[in-house]
Amino acid sequence: MQATVPIHAMKNSRQLSETYLKFVNLVSAIRGLPTLDAMEERVLTGLAIAWSKGERVPVLHAMELAPDTSPTTVHRRLKSLRKKGLIELREDQNDSRIKYVLPTSAAQDYFARLGKCLSAAAHG
């Protein structure tokens with residue numbers, strides 16, 4: 001037996017779907033945002049979540065952000081994010097073997113522009 005979905009839930013679902021599609025279209029229309037592949041987006045999103053919690057993210061921890069992906073693949077994406085200017089690596093003051101992954105001002109701008117698209121999609 002198939003469960004019935006209340007009308008208000010269907011409307012809400014449709015509205016959320018429309019909001020998401022508006023967001024995707026707004027993001028695709030932004031010029032000047034770095035083009036990221038799916039893995040780069042995934043790694044950057046994982047980093048952003050950690051940074052938003054005030055966490056310092058060592059490279060070794062960053063390489064575990066995508067547990068179903070090889071550390072080598074994640075490390076390559078960290079290198080490409082660095083080359084694109086979205087992250088920087090900074091040595092630990094007490095142990096030069098440890099490097100932390102930090103957002104750059106370009107990353108902050110990237111997140112701000114995505115946030116602006118999300119806000120416009122939700123309220124526009």
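Count residues from 1 along the sequence.
- Between the CZ atom in Arg82 and the CG atom in Leu102 there is a gap of 11.0 Å [rounded to 0.5 Å].
- Minimum heavy-atom separation, Val57 to His61: CG1-CD2, 3.6 Å.
- Side-chain atoms of His75 never come within 3.5 Å of backbone atoms of Pro71 as a donor-acceptor pair (strictly under, hydrogens ignored).
- Nearest heavy-atom pair across Trp51 and Ile87 is CH2-CG2, 3.9 Å.
- The minimum heavy-atom distance linking Ala66 with Val74 is given by the pair CB-CG2, 4.1 Å.
- Under the side-chain contact (heavy atoms from CB on, under 4.5 Å) test applied with Leu44, the options Ile49, Leu65, Leu86, Leu78 reduce to a single match, Leu86.
- In plain terms, the two heavy atoms of Ala106 and Gly85 that are nearest each other are CB-O, 3.4 Å.
- Closest approach of Asn94 to Asp92, counting heavy atoms only: N-OD1, 2.7 Å.
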Checklist entry - side chain to side chain contact (heavy atoms under 4.5 Å, CB included) between Met39 and Arg76: does it pass, once the steps are laid out? => result CA-CA 10 Å; Met39 182 54 66; Arg76 269 190 247 126; over 6 Å; no
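- Heavy-atom minimum distance, Glu88 versus Pro103: OE2-O, 4.2 Å.
- With respect to Leu36, the side-chain contact (heavy atoms from CB on, under 4.5 Å) criterion is satisfied by exactly one of Arg42, Glu41, Arg77: Glu41.
- By the criterion of side-chain heavy atoms lying less than 4.5 angstrom apart, applied directly or through intervening Ile, Leu, Val, Met, Phe, Trp or Tyr residues, Leu47 is grouped together with Leu89 in one hydrophobic cluster.
- With Thr19 contributing its side chain and Gln15 its backbone, the two residues share a donor-acceptor pair below 3.5 Å.
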